[in-house]
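The next block holds one structure in the form of C-alpha cells; read it before the comments.
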Amino acid sequence: MRKCKYCDFLSFDMHTCTKASEENIDKYFRALWSEIRANADNRNIATIFFGGGTPSMVEAHYIEETLQTIYECFTVNENAEITIECNPGTLTKEKLDAYKKCGINRISIGLQSANDHDLEVIGRIHTYEQFLESYKLVKNAGFDNVNIDVMSALPNQTVSSYLDSLNKIIALNPAHISAYSLILEEDTPLYDLVNDNKVALPNEDDEREMYYKTKELLKLNGYNQYEISNYAKDGKHCKHNCLYWQRGEYFGFGIGAASYINGVRYKNISSFDAYINNSHNPAAIKTEQITITREDSMSEFMYLGLRFTDGIDSSEFNREFGIELENIYGNEIKKLISSELLIKTETGYKLTEYGVDVSNYALSFFV
Amino acid sequence: MSDINQKNIRNFCIIAHIDHGKSTLADRIIEKTGLLTSREMQAQVLDNMELERERGITIKAQTVRTVYKAKNGEEYIFNLIDTPGHVDFNYEVSRSLAACDGAILVVDAAQGVEAQTLANVYLALDHDLDVIPVINKIDLPSADPDRVIDEIEDVIGIEAHDAPRISAKTGLNIEDVLEAVVERVPAPTGDANKPLSALIFDSLYDSYKGVIVFCRIFDGSVKVGTQIKMMATGATANVTEVGYFGAGQFIPCDELSAGMVGYITASIKNVQDTAVGDTVTDLNNPCAEPLPGYKQVNSMVYCGMYPADSSKYSDLRDALEKLKLNDASLSFEPETSIALGFGFRCGFLGLLHLEIIQERLEREYNLDLVTTAPGVIYKVHTTTGEVIELTNPSNLPDPSFIDYMEEPVVSAEIMVTTEFIGSIMELCQERRGVYLGMEYSSGNRALLKYELPLNEIIYDFFDALKSRSRGYASFDYELKGYERSTLVKLDILINKEEVDALSFIVHSDTAYERGRKMCEKLKEEIPRHLFEIPIQAAIGSKIIARETVKAVRKDVLAKCYGGDITRKKKLLEKQKEGKKRMRQVGNVEIPQKAFMSVLKLDND
C-alpha cells in the first residue's frame, strides 16, 4: 500500500512503522473498539461509513468486530445504510461475503479512472482490469448499492479520454457515481510534479468541459445530481454524505476522525501513539472542540445546504431559527443574485451553474 | 577635564565604501584606546540600531570620545565622528566632515578604490581635511595592498606609501592608525575667548532630555545656563546640560570649549529647530557670522503611504510624527487617494531613506502599509507662468495648462572594471543618461561620468548596475539641477476606472514600453474575478497598452471527507480573509502589493 500522489489526508504507512504492521493494525482496532465503547449511547443510528483510506485492506474480522461493537453500543436502525470504502486489489470473495454477513449493504470503490495511464500518473496501485475483477466480485457477492469514484482533470487527461473513461463506468451501471475534479493540494507529490512541469494538468477550459459533460452524460443515463460532485440513481443517494451537508449529528471514531455531537464539533488527534494510549478516554483524544452557536448554525445551514443541487429551503431556516432568512443574509443573497451566482427557487435559493463553478467564492459569503 | 589642552585633541572621522570595514575599525579604535573592555564591546559599538546592524550600514551619524596614551607618553582626546555611508545622506556626511580636522580613509585591500570612496574623499578634501589612507583586510587571501596603494595614489592623488596596513577584524596594526591620527591630524585651533560658534552635525530626540544636539565647538564655550541661538532656524533655548560621548552613553561635563566635540541639551522639543549644518551661538554674545555650508535639506523622493487597515490612519500619523522628531529630513503631509483612502505623501532623501522609514514603521510601529511608487519632484511650468512643484502624479494639471516640465538631474560617477564598461554604458543609455566622460585608473578600472535623470535611478538602478557588472560596479551621485524634459503622466485604468494611486510620470520615449510592462505586471498581481477585467495604460484619453484578467472559471472545494466540516469552514474563511487584504477599486479587488508594481518593471 502507498498513498496516492494527490492525497493530502491523514494516513500512516504501516510498513515504515517500527513494529510489524500486523501488530499495529491489531493495536489500532483494539483502540478503536475501546473508543466506541467509551461513547456508548442509546441513539438510533441511521448510517455507518467505513472510510478514509482503504479499510478493505485489513482482514475482514476487524471490520466484523468493529460493527459488532457498534451494534452493542448503539441502536442501529434495521434498514441502516452501512458503507465500506474499498480499493481495487484489496477485495476477495471471502472478505465480501463476510461484509455482507455482518450487515454491510453499500460498497464504495475508489476507481478514479478507467484509463491505466491516468491511474499510474496519480499513483494508484491498481489497473482498470483489476478494478473490473473487484467489481465483479462485489456484484457476485450480492451488493447492488455500489458507488464508483471517478476523477476528472487528471494529468495529461483530455476531454475525450475522460469521457471514454466515464462511459466505461456508466456501462457498469453502478447505483451511484461520485465525480470529482482533481484539486491540486499543496504538500502532495503531484503538486511538486506539476510545479516542476513534469506533468501537465488539463487547461481550464477542458477542465470545465469535463465537468459539464459529466453532468450531461450522467443525466442522460439516469443519474441525478444531488450535490456538487455526487450523482445517483433514484433513491440511491448516499444518506451518510447527505447527513454532513444537512448538519446532522454523527460520531466519528479513529485517528483524526471528526464528530458532531450535541452541538459540538470535535476532531480526534492525529498521532498514532497518543490515540492508541488514550482512545478509551474520549476527552483525552479530542484536539478540536468547537461549540456551534446559533450564528454558526445559520452559517452552516447556508454554506453546507447550498452544496445541494436543490439548494436550501427558506421556510426550513425560519422553522429552525425563528427568523426570516433574508433578515440575516439579505445583503449576501442580494450580492450573489446580482452577480448571478445564486437564484431564487420556489422554496428558497440555490447556486446557479456558475455559482457551483465558483462555489468557494460564493459560499465564503456565509462564513 | 576642564583643562584639556587643545593641542591634545584630535577630531576625525573614518570614510570608506560600504563593507570596507569602517565600523569594525571604529570598534577596534575604541577597544585599543581602552575606554571599553573587550567584554563590553558589542559586535559593532557604533551601529547600535537593530536595523543598522541588519543592513550593515550606519544610518544615523554617531560619535564617540576616547582617550589614547600615545607612544610619546602624552594622552590625547580622540573624537571619532561617525559618518553615514550612503549617498542618500550626503549632506549629513558633509556636515560631519566639517566637524573634523582630519579623516581616515579605509580602503579594502582586495576591492580597492570604489566610486563611493572617491566621492567621500573629494568631500573630505573639499573640507581641507588631512586624509590618512589605511589599507584594511590585509589578512584576506585576495588582498593586494601594493596594487591598492598604487590605485590610491593614482586615482585619488594622495600619498599612500606609508599607509598603515591593517586588519580591523583581527586588530592587526591598529596602533599604527592611532599614532598616525596623533601625528597627522592637526589639533583644533579655535579661540575659547571669542563668541560661541558651534557646528551642529547631528541631533537626536530623547523623550527625557528633549533634543540632544551633537556639535563641534569652533570658537567660544558653552555651559549649563548659556542662552543659545540656532542662527539659521532662529530657535533659542537655555542650555540644561553639556557633555561628551562615551561609547553608547552621554557623559555630562562642566563646559565645552573651542576645539571640543560634544553635545548640548536645552529642552528643545523639535529636531526641526536644530538643523544639521546650523550654527549654535550665544544669544547674548553672538558671533558675527554663521559657519559656512549650511543648507536646508530637501526631500528628493516622494511616495504615498497608506495604512492597509484604514482605521490605523491616526496610528500612522503618530508614528510618522515620532520618527520625524529624530529625522529632520523626513517630511509628510496628508493626502487622499480614491483607491487607497486617507494617507500621507512622504518625502525622503532617497530610496534607501524611504525603505528605512517604511521598515521602521512596519517593524517598530507594527503598521501594515500600502506604499505607492516613489517619484521625484517635477517642476511644472503652466501656461499662466506659474511653477508647480509636483510630488504626486495625480496632481498634474490638464496638459492644456502645461507649458513645459522639468525634472531633476544628477551627475553620477560609476566605478567599474573595464570588461563591464560596455554593459554599464548601455544601461545608462537606457536610462536616458548623457555621457560626460571616462577616466581610466590603475589596473583595469574606469570611472564613468554620466548625467542621469533622478527618476531613472531611484527605483532599481543600483540593482541593475550590480547585476550587469556581476556586483563590481559602484556608484555615487549628487543632484545637479533641473532640466527641461518631455514628460507625460501615465494613467492606469482597471476595469475602465482610473486608479489614481497607480499613475506615474514617465518620459514620453519610454511611456509605451513602461505602460505595456505595467499592464503585464498588474495582470499577474490582480486575481481573477467573476468577470473579465481589462487593464489599460493611457496617456490622457489615448490607450497605449492593454491586458485582460480573464474571469474565473472554477473555484470548488474538494470532497468533504469524513464530515470534517471545520476544515471546510477554515478554507472558506481563508478565502474571505484574502478578500480583506485587497483594496476595492470600483468592483475590482486589488492586492496591496500591486501598488508597488511599477518598481518591478525592469526585472527581466
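Order of the sequence lines sets the chain letters (A, B, ...), proteins ahead of strands, with each chain counted from 1.
- Only the side chain of A/Tyr303 comes within less than 4.5 Å of a heavy atom of chain B; its backbone N, CA, C and O stay farther away.
- Residues passing the side-chain contact (heavy atoms from CB on, under 4.5 Å) test with A/Val356 are A/Tyr211, A/Ile228, A/Leu351, sequence neighbours excluded.
- Environment of CD in B/Gln584: crowded, with over 12 heavy atoms of neighbouring residues, nucleotides or ligands closer than 6.0 Å.
- The aromatic rings of A/Phe253 and A/Phe74 are tilted relative to each other, their planes meeting at an angle between 30° and 60°.
- Remark: A/Tyr275 engages A/Tyr28 in a ring-ring contact (aromatic ring centres under 6.0 Å, His included) (not counting sequence neighbours).
- Using a 4.0 Å cut-off between a side-chain N of Lys or Arg and a carboxylate O of Asp or Glu, B/Glu524 and B/Lys521 qualify as a salt bridge.
- Contacts of A/Asp205 with chain B are made by both backbone and side-chain atoms, with heavy-atom separations under 4.5 Å.
- Interface remark: A/Glu207 contributes side-chain atoms only to the contact with chain B (heavy atom separation under 4.5 Å).
- Using a 4.5 Å cut-off between heavy atoms, A/Leu243 makes no contact with chain B at all.
- Salt-bridge formation is not detected for the pair B/Glu547/B/Arg516: no Lys NZ or Arg NE/NH1/NH2 atom is positioned less than 4.0 Å from an Asp or Glu carboxylate oxygen.
- Under the rule for a salt bridge (charged side-chain N to carboxylate O under 4.0 Å, His left out), A/Glu332 has no partner lying at least two apart in sequence or in another chain.
- Scanning residues 285-294 of chain A against chain B with a 4.5 Å non-hydrogen threshold yields A/Glu288, A/Ile290, sorted by number.
- At a cut-off of 3.5 Å, with distance as the only test, no side-chain donor of B/Tyr306 or B/Thr371 sits close to an acceptor on the other residue.
- Looking at A/Phe365, both its backbone and its side chain come within 4.5 Å of chain B, counting heavy atoms on both sides.
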